[in-house]
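Residue numbers start from 1 in every chain, and the chains themselves are labelled A, B, ... in the order their sequence lines are given, proteins ahead of strands. What you are looking at is a predicted structure, and each value in this text was computed from that prediction instead of being measured.
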2 protein chains.
Amino acid sequence: MSFRTIEWTDEEVVMIDQRLLPVREIYVKCRTYQEVAEAIKEMIIRGAPAIGVAAAMGIALGAQGIKADRFEEFYREYEKICDLLAGTRPTAVNLFWAVDRMKRFCLEHKDVRLEKLKELIKIEALKVHDEDLEINRNIGENGNPLIPKGARILTHCNAGGLATAGYGTALGMIRAAHEAGKEIQVFADETRPFLQGARLTAWELMKDNIPVTLITDNMAGYFMKKGMIDLVIVGADRIAANGDAANKIGTYSVAILAKEHNIPFYVAAPISTLDLALKGGDEIPIEERNIREVTHIFDCQIAPDGVKVLNPAFDVTPNRYITAIITEKGVVKSPFEDGLKRLFR
Amino acid sequence: MSFRTIEWTDEEVVMIDQRLLPVREIYVKCRTYQEVAEAIKEMIIRGAPAIGVAAAMGIALGAQGIKADRFEEFYREYEKICDLLAGTRPTAVNLFWAVDRMKRFCLEHKDVRLEKLKELIKIEALKVHDEDLEINRNIGENGNPLIPKGARILTHCNAGGLATAGYGTALGMIRAAHEAGKEIQVFADETRPFLQGARLTAWELMKDNIPVTLITDNMAGYFMKKGMIDLVIVGADRIAANGDAANKIGTYSVAILAKEHNIPFYVAAPISTLDLALKGGDEIPIEERNIREVTHIFDCQIAPDGVKVLNPAFDVTPNRYITAIITEKGVVKSPFEDGLKRLFR
């Protein structure tokens with residue numbers, strides 16, 4: 001890939017600023033864990049798996065600066081750092097998964113001397129990054145057989161290289177099909193309000209020479225009716241035990257449109273997105289974001305002063321609309337409950 | 001109403017510039033029929049009924065400047081003006097209805113001396129304007145019984161005072177319910193790409209103190225699922241004999257979402273929107289507009305340079321998704337074919 005979503009360089013975490021793409025390609029350097037937390041909140045970095053990676057790196061960055069003589073003292077500070085990172089965004093479960101992993105890792109190495117422990121924590125964060133890349137390649141490989149030759153694929157939001165350590169989940173499947181020479185075409189919903197489709201998905205697919213057509217969110221039904229969409233692939237921010245999947249606002253509507261037009265609707269996500277503690281999607285907390293995302297685009301005001309706005313950032317697609325969930329461990333179809341549980345064996 | 005969508009002042013047609021709302025409230029003066037045609041093309045004025053009014057006024061403005069001694073000579077020029085106006089936009093049928101009316105009116109008064117005829121043509125154009133206002137009040141009155149007390153109503157695009165001579169079609173129903181003290185609330189889809197919902201519907205409802213909440217197009221399904229939408233009302237740009245209705249892109253998707261959530265879906269339009277010459281909606285031509293509407297918002301670029309974009313401005317909602325069509329002559333329910341025909345008796 002011709003860009004780096006997030007990486008660790010010396011004592012910094014460097015991220016491409018996803019608020020400024022595609023017009024400006026600026027890399028932001030986070031020198032403290034607080035800056036990493038802020039970057040997640042402000043959506044300099046976004047996408048469930050990428051947020052998990054950022055949190056792990058933020059924790060590792062914070063760990064390097066802890067001044068302590070004994071493990072208990074160290075862990076007290078470490079836990080504070082972990083909790084700050086965990087508090088940045090509420091919906092994507094990969095964030096909590098990464099934080100838990102980093103906490104567990106630290107506790108499992110309580111007997112290592114602190115300077116060595118700091119080094120191991122950093123290595124563990126890099127492992128979260130590298131494993132995510134590997135996971136996405138496996139998602140691509142597992143999902144590829146579901147994509148027919150010449151398929152015209154609709155995707156919503158950005159579940160691509162920019163939403164992960166690289167390669168992507170939904171776009172991972174798309175990349176795998178492209179690499180297999182299937183001559184696919186992608187339709188990208190622009191994905192208001194943050195415009196991940198217009199700004200990020202279109203950008204990264206064009207960089208990889210994968211044919212992409214940009215449409216507004218409200219055009220998806222039109223093109224489905226015209227027979228111009230063969231399947232839908234999206235990512236997920238959290239998947240409940242029954243297969244209900246939270247993803248970027250608008251995904252639920254796309255799923256209904258797909259059902260109405262008898263078009264397969266696929267969700268691609270790593271198993272770190274599964275939250276088997278939740279029975280169904282109704283239990284997934286939905287983040288409400290600043291209304292300025294709706295009333296302004298960059299600095300352009302597009303709505304009246306003082307207008308009332310609601311800005312839920314995610315919605316939940318009930319399992320009955322989902323044809324299959326594609327993970328790095330395999331493809332799960334309805335009934336999802338047993339299939340998803342089996343992935344953890 | 002606290003704004004004027006379009007009016008004739010002395011020898012000018014004055015329109016509020018709908019491209020600049022809500023941040024700037026600028027009135028554009030058209031001194032020639034060519035300027036009126038350009039204003040329709042560029043969407044300084046938009047909305048099917050308002051386009052009809054603008055075309056009639058543009059024709060009347062053009063007629064004033066025709067230099068001719070005999071009717072045949074006059075009509076040759078008049079017809080050219082009519083045809084230029086008719087060529088501005090392809091989907092809304094009210095435009096052709098207004099042009100045909102102005103042509104017919106002229107032919108019916110061929111024996112009047114030319115200076116008097118010019119005066120009569122101007123009066124006829126003003127009649128198109130005033131009748132539209134009256135029609136909208138009747139749509140409001142006819143539709144009001146369909147709106148329960150306390151209803152939360154979703155609307156898409158702007159079928160309001162700004163889309164008509166005043167009062168509105170879909171928003172006419174909403175205004176009538178509001179005036180009846182029903183304490184309704186409106187959800188306005190922002191309506192990409194031109195943002196008629198964010199820029200126009202929110203603005204004009206706020207001016208009239210009708211409670212309105214702005215959402216992005218892709219949030220409609222989410223709020224329906226949460227039980228926060230009781231009914232949908234939209235306008236139309238052309239309705240075929242079987243009730244299939246063309247309206248702003250995204251309307252079809254909203255109709256599917258409404259059906260999936262068992263929410264009534266109403267179309268409000270004057271009978272000048274009916275095109276009984278077309279059997280079904282598939283015959284309605286769909287305008288493709290400049291891709292810059294999608295890639296830029298005002299001057300802000302939101303998509304990569306050179307990205308492929310499709311920008312259909314309308315879609316067609318098949319009659320099976322429509323609960324009722326509300327016109328100034330009455331409310332028509334399925335089966336639409338007979339009911340719509342009956343309106344013309």
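At a 4.5 Å heavy-atom cutoff, the contact between Pro22(B) and chain A is made by side-chain atoms alone. For Ile291(A), no part lies under 4.5 angstrom from a heavy atom of chain B. Residue Asn311(A) touches chain B through both its backbone and its side chain, counting heavy-atom pairs closer than 4.5 Å. Within the 4.5 angstrom heavy-atom criterion, atoms from both the backbone and the side chain of Val309(A) approach chain B. Interface residue Ile302(A): backbone and side-chain heavy atoms are both found under 4.5 Å from chain B. Neither the backbone nor the side chain of Leu21(B) comes within less than 4.5 Å of any heavy atom in chain A. Neither the backbone nor the side chain of Lys248(A) comes within less than 4.5 Å of any heavy atom of chain B. Val294(B) touches chain A through backbone and side chain together, each having a heavy atom under 4.5 Å away. For Tyr222(B), the parts lying under 4.5 angstrom from a heavy atom of chain A are both the backbone and the side chain.
Around atom CD of Glu25(A), more than 12 heavy atoms belonging to other residues, nucleotides or ligands sit under 6.0 Å away. Residue Lys207(A) places its NZ atom among more than 12 non-hydrogen atoms of other residues, nucleotides or ligands, all under 6.0 Å distant.
Of the listed residues Met219(A), Gln301(A), His156(A), the one with more heavy-atom pairs under 4.5 angstrom with chain B than any other is Met219(A). Heavy-atom pairs under 4.5 Å with chain A peak, among Thr191(B), Val316(B), Thr295(B), at Val316(B). Interface summary for chain B: among Ala303(A), Pro318(A), Gly306(A), the most heavy-atom pairs under 4.5 angstrom belong to Ala303(A). Interface summary for chain A: among Ile249(B), Thr216(B), Val254(B), the most heavy-atom pairs under 4.5 angstrom belong to Ile249(B). Comparing Arg199(A), Met224(A), Glu190(A) by how many heavy-atom pairs each has under 4.5 Å with chain B, the most go to Glu190(A). Per-residue counts of heavy-atom pairs under 4.5 Å with chain A were compared for Ala198(B), Ala220(B), Ala188(B); the largest is that of Ala198(B). The most heavy-atom pairs under 4.5 Å with chain A, out of Pro312(B), Gly221(B), Gly197(B), come from Pro312(B).
Interface with chain A: from residues 240-247 of chain B, no residue qualifies, criterion being any non-hydrogen pair under 4.5 Å.
Donor-acceptor pairing under 3.5 Å is recorded for the side chains of Glu260(A) and Tyr321(B).
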Q. Can you check side-chain contact (heavy atoms from CB on, under 4.5 Å) on Phe223(A) and Leu310(B), steps first, answer last?
A. CA-CA 10 Å; Phe223(A) 289 111; Leu310(B) 290 173; 3.6 Å; yes
Q.
Determine whether Lys308(A) and Val212(B) satisfy the following criterion, side-chain contact (heavy atoms from CB on, under 4.5 Å), listing intermediate values before the conclusion.
A. CA-CA 7 Å; Lys308(A) 187 181 169 195; Val212(B) 57; over 6 Å; no
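When all heavy atoms of Asn218(B) and Ser253(A) are compared, the closest pair comes out as O-OG, 3.9 Å. Taking both residues in full, the closest heavy atoms of His261(A) and Ile256(B) are given as CE1-CD1, 3.6 Å, listed atom of the first, atom of the second, then distance.
In this structure, CZ on Arg192(B) lies 7.0 Å from CZ on Arg192(A), to the nearest 0.5 angstrom.
Under the 6.0 Å cut-off for aromatic ring centres, Phe298(B) and His296(A) do not qualify, their centroids lying 6.0 Å or more apart.
Applying the salt bridge (charged side-chain N to carboxylate O under 4.0 Å, His left out) test to pairs two or more places apart or on separate chains, those with a residue in residues 217-231 of chain A are Arg152(A)-Asp230(A).
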